[in-house]
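Source: prediction; values computed, not measured. All residue numbers in this chain count up from 1 along the given sequence.
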Amino acid sequence: MAIFLASTNPTANVEGDQIAMSFKSGGETVTVALSLNQAFMLQQHLNRSGLELMRETQRRPLPACAEIIQFQRKARA
């Protein structure tokens, strides 16, 4: 199994009855040809995975960013 880290946004082009998706990975260009059905299935899986990731992120407790300190009022002369 090979895992390629995309270093650019992917592009997709229709080539006959297939969709060719390409992206740069380091100095190489990776191209994957998918049937129309495979491309739609991939889109559905990516949408579901993205939604799950967003929901997971929303459930995480917020990190402490800053402490709120109340200022003391100065007495007027």
Side-chain angles (χ1 to χ4, degrees):
M1 178 171 88
I3 297 175
F4 298 96
L5 178 62
S7 53
T8 61
N9 289 332
T11 59
N13 298 306
V14 175
E15 295 184 7
D17 59 349
Q18 294 186 329
I19 295 179
M21 177 183 65
S22 299
F23 58 88
K24 289 270 190 198
S25 181
E28 301 291 322
T29 299
V30 177
T31 302
V32 178
L34 302 171
S35 70
L36 193 55
N37 185 48
Q38 290 170 323
F40 283 126
M41 294 296 289
L42 176 61
Q43 178 191 16
Q44 288 177 345
H45 288 295
L46 290 172
N47 284 340
R48 258 188 253 124
S49 296
L51 285 172
E52 287 175 21
L53 183 60
M54 286 190 319
R55 287 183 185 127
E56 211 176 277
T57 303
Q58 290 172 345
R59 285 187 221 119
R60 291 181 191 159
L62 293 175
C65 298
E67 184 178 346
I68 299 174
I69 301 172
Q70 184 175 359
F71 286 99
Q72 299 290 329
R73 290 187 178 216
K74 292 183 180 181
R76 294 187 179 202

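Residue Leu46 holds its CG atom at 10.0 Å from CZ of Arg48, rounded to the nearest 0.5 Å. Within the model, atoms CG of Asn13 and CD of Gln18 stand 12.5 Å from one another, a figure rounded to the nearest 0.5 Å. Put simply, CG on Asp17 and CG on Leu34 are 12.0 Å apart, with the number rounded to the nearest 0.5 Å.
With hydrogens and angles disregarded, a donor-acceptor distance shorter than 3.5 Å links the side chain of Ser7 to the backbone of Lys24. The backbone N or O of Glu28 lies less than 3.5 Å from no partner atom in the side chain of Ser25, so there is not a single donor-acceptor pair.
Grouping Ile, Leu, Val, Met, Phe, Trp and Tyr by side-chain contacts under 4.5 Å, direct or through others, puts Ile3 with Met1. Hydrophobic side-chain contacts under 4.5 Å tie Met54 into a cluster, directly or through other members, with Leu51.
A salt bridge is defined here as a Lys NZ or Arg NE, NH1 or NH2 lying under 4.0 Å from an Asp or Glu carboxylate O, and Glu56 with Arg60 meets this definition.
Contact detail for Ala33 and Gln38: the closest heavy-atom pair is O-OE1, 4.5 Å.
Each of Thr11, Val32, Val30 was compared with Ser22 under the side chain to side chain contact (heavy atoms under 4.5 Å, CB included) criterion, and only Thr11 meets it.
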